[in-house]
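Letters A, B, ... mirror the listed sequences (proteins, then strands); counts begin at 1. Only this structure's heavy atoms are used, side chains among them; waters, hydrogens and symmetry mates stay out.
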Protein chains: 2
Amino acid sequence: MAQKNILQFIILGLINDHPQTGYELTKSFDNDIGEFWSAKHSQIYPQLKTLEEKQYLTHTMEVSGEKLERKRYSITPAGQHLLTAWIAEPTINQTNGKDEFVLKLYFIHDQTDPRLTTMLEEQLQYHTEKLTHLKNQLSKKFPDGGDPANFGHYLILSHAVSRETEYYDWLNDALKQI
Amino acid sequence: MAQKNILQFIILGLINDHPQTGYELTKSFDNDIGEFWSAKHSQIYPQLKTLEEKQYLTHTMEVSGEKLERKRYSITPAGQHLLTAWIAEPTINQTNGKDEFVLKLYFIHDQTDPRLTTMLEEQLQYHTEKLTHLKNQLSKKFPDGGDPANFGHYLILSHAVSRETEYYDWLNDALKQI
DNA sequence: ATAAGCATGTAAGAGGTTACATGATTTC
DNA sequence: GAAATCATGTAACCTCTTACATGCTTAT
């Protein structure tokens, strides 16, 4: 989508926590934050380059073994300023939740349509697995509930859990009504 | 996003219900289906053209008043076939739910951060309004619960309601924990 | 008359995915 | 030695938004 380049802020936010390489950033999107934003390495590396050109980031080279090079990026004061401004600014753009599956259902008008059960059960299986995985994550990372020193991380994970719970419940409700 | 062109299927699905103009299709995305997919007229008109070139749609001209022309599109058997195939095909691509606000929270580590309350309350207001609007829609369109002849429509709306309910509850929970 | 809504299109540019491309290091 | 993983980048292509552009019709 031709949006406002939110990726740059996410990268700044992640690096602000601690200096990181492009590779490490890429993997962040496989974890919790991937529940609410995704990006591939092909998008991340050019973005790092741009952010450095604009002096929001700097990097130092590291070497593994004999030859393997790695760029470890750190945030600059200007970068921190940009990040803070983004967080402070009211979030108006409700990034719209696209969901292909729900749309498919929309085009099935008849409650007795034979396709419904299969479709709903297929999704139920997927979301059941996802839900248990997220619940495991939550109890593993925050066994005692909200950690005051990692509150944002806790909030994002608990939101992911309740979002999946809702999806799960909705699918079950729908199945019951058939 | 360089995805699989899902918009074409949505257009086919909407037109399959009854012949429509580009203008009317555009307005569909302001209603319930807009909760799960959005598109602007600048994307819809070219897509209609392409779908007609591929013979999934045909159109007839209508005239309003003296001069104002309107293209009313109908689906062809080939178009219906394509639509059915899309619905039948398992939905794997979990179109990821991007949420700028949740990410901002993620970068606030400290539970006592003074920004948290304002941010959460701002969102709470937005989602409260959205939730009441959706609930009104639901009770207006489906006063007796699931309509067997419009089950898909019912499902999508009830999903939107419970999704917003979850968001609302999560925001309130977060506020309580501060 | 004039503003709001009807109606259809195109152009430029940003965001995002898939595929191409290469090479090093670690683990089995 | 082979496979998995680490590590960085580019190219082609598609999707989507914003802005440009035009003209008609209805309601006030």
S.K.: Using the test salt bridge (Lys or Arg N to Asp or Glu O under 4.0 Å), find all partners of B/Asp99 that sit at least two apart in sequence or belong to another chain.
M.R.: none

S.K.: Regarding A/Asn31 and A/Gln137, is there a side-chain donor-to-acceptor distance under 3.5 Å anywhere?
M.R.: no

S.K.: Rounded to the Å, how far apart are B/Met61 CE and C/dA7 P?
M.R.: 12 Å

S.K.: Between C1' on D/dT17 and CG on A/Asn5, what's the gap in Å once rounded to a whole number?
M.R.: 14 Å

S.K.: Please produce a list of atom pairs where a protein N or O lies less than 3.5 Å from an N or O of nucleotides 8-11 of chain D.
M.R.:
| residue | atom | partner | partner atom | Å |
| --- | --- | --- | --- | --- |
| D/dT8 | OP1 | A/Lys71 | N | 2.9 |
| D/dT8 | OP2 | A/Tyr23 | N | 2.9 |
| D/dT8 | OP2 | A/Tyr45 | OH | 2.9 |
| D/dG9 | OP1 | A/Lys71 | NZ | 2.5 |
| D/dG9 | N7 | A/His41 | NE2 | 3.4 |
| D/dG9 | O6 | A/His41 | NE2 | 2.7 |

S.K.: With sequence neighbours excluded, tell me which residues meet side chain to side chain donor-acceptor pair (under 3.5 Å) with A/Asp17.
M.R.: B/His109

S.K.: Salt bridge (Lys or Arg N to Asp or Glu O under 4.0 Å) with B/Lys40: which residues, sequence neighbours excluded?
M.R.: none

S.K.: Take the protein atom CD of A/Glu62 and the nucleotide atom P of D/dA7, then report the distance between them rounded to whole Å.
M.R.: 9 Å

S.K.: Return no unless some side-chain N or O of B/Ser38 is found under 4.0 Å from OP1 or OP2 of D/dT17.
M.R.: yes

S.K.: Looking at B/Lys98, I'd like to know whether one of its side-chain N or O atoms comes within less than 4.0 Å of OP1 or OP2 on C/dG16.
M.R.: yes

S.K.: Among all residues two or more places apart in sequence or in another chain, which pass the salt bridge (Lys or Arg N to Asp or Glu O under 4.0 Å) test with A/Arg72?
M.R.: A/Glu24, A/Glu62

S.K.: Using five base pairs at each end, measure the axis-to-axis angle across the helix from C/dA1-D/dT28 to C/dC28-D/dG1 and round it to 10 degrees.
M.R.: 30°

S.K.: Can you list the residues that meet the ring pair (Phe, Tyr, Trp, His ring centres under 6.0 Å) rule with B/His153, with sequence neighbours excluded?
M.R.: A/Tyr106, B/Phe142

S.K.: Starting from P on C/dA7, measure out to NE2 on B/His59 and report it in whole angstrom.
M.R.: 15 Å

S.K.: Would you mind reading off the distance between B/Lys40 atom NZ and C/dA7 atom C1', rounded to a whole angstrom?
M.R.: 18 Å

S.K.: D/dT17 C1' sits how many Å from A/Ile6 CD1, rounded?
M.R.: 13 Å

S.K.: Let me know the distance between CD1 of A/Ile10 and C1' of C/dG16, rounded to the nearest Å.
M.R.: 13 Å

S.K.: Counting only side-chain nitrogens and oxygens, does B/Lys27 get under 4.0 Å of the OP1 or OP2 atom of C/dA7?
M.R.: no

S.K.: List in chain and number order the residues that pass ring pair (Phe, Tyr, Trp, His ring centres under 6.0 Å) with A/Tyr73, two or more places apart in sequence or in another chain; answer none if no residue qualifies.
M.R.: A/His59

S.K.: Give me each pair satisfying salt bridge (Lys or Arg N to Asp or Glu O under 4.0 Å) with a member in residues 132-153 of chain A, each pair once, sequence neighbours excluded.
M.R.: A/Asp32-A/Lys141

S.K.: Give the table of side-chain donor-acceptor pairs shorter than 3.5 Å for residues 82-89 of chain B, with sequence neighbours excluded, one pair per line with atom names and distance.
M.R.:
| residue | atom | partner | partner atom | Å |
| --- | --- | --- | --- | --- |
| B/Thr84 | OG1 | B/Gln80 | O | 2.7 |
| B/Trp86 | NE1 | A/Glu100 | OE2 | 2.8 |
| B/Glu89 | OE2 | B/Lys4 | NZ | 2.9 |

S.K.: Is there any ring-ring contact (aromatic ring centres under 6.0 Å, His included) pair reaching into residues 155-178 of chain A, and which pairs are they, with sequence neighbours excluded?
M.R.: A/Phe36-A/His159, A/His127-A/Tyr167, A/His159-B/Tyr167, A/His159-B/Trp170, A/Tyr167-A/Trp170, A/Tyr167-B/His159, A/Trp170-B/His159

S.K.: For nucleotides 25-28 of chain D, give me every protein contact, N/O to N/O, under 3.5 Å, one pair per line with atom names.
M.R.:
| residue | atom | partner | partner atom | Å |
| --- | --- | --- | --- | --- |
| D/dT25 | OP1 | B/Ser64 | O | 3.0 |
| D/dT25 | OP1 | B/Glu66 | N | 2.6 |
| D/dT25 | OP1 | B/Lys67 | N | 2.7 |
| D/dT25 | OP1 | B/Leu68 | N | 3.3 |

S.K.: Determine the sole option in A/Asn16, A/Thr60, A/Thr58, A/Leu57 for which the side-chain contact (heavy atoms from CB on, under 4.5 Å) test with A/Ser74 is passed.
M.R.: A/Thr58

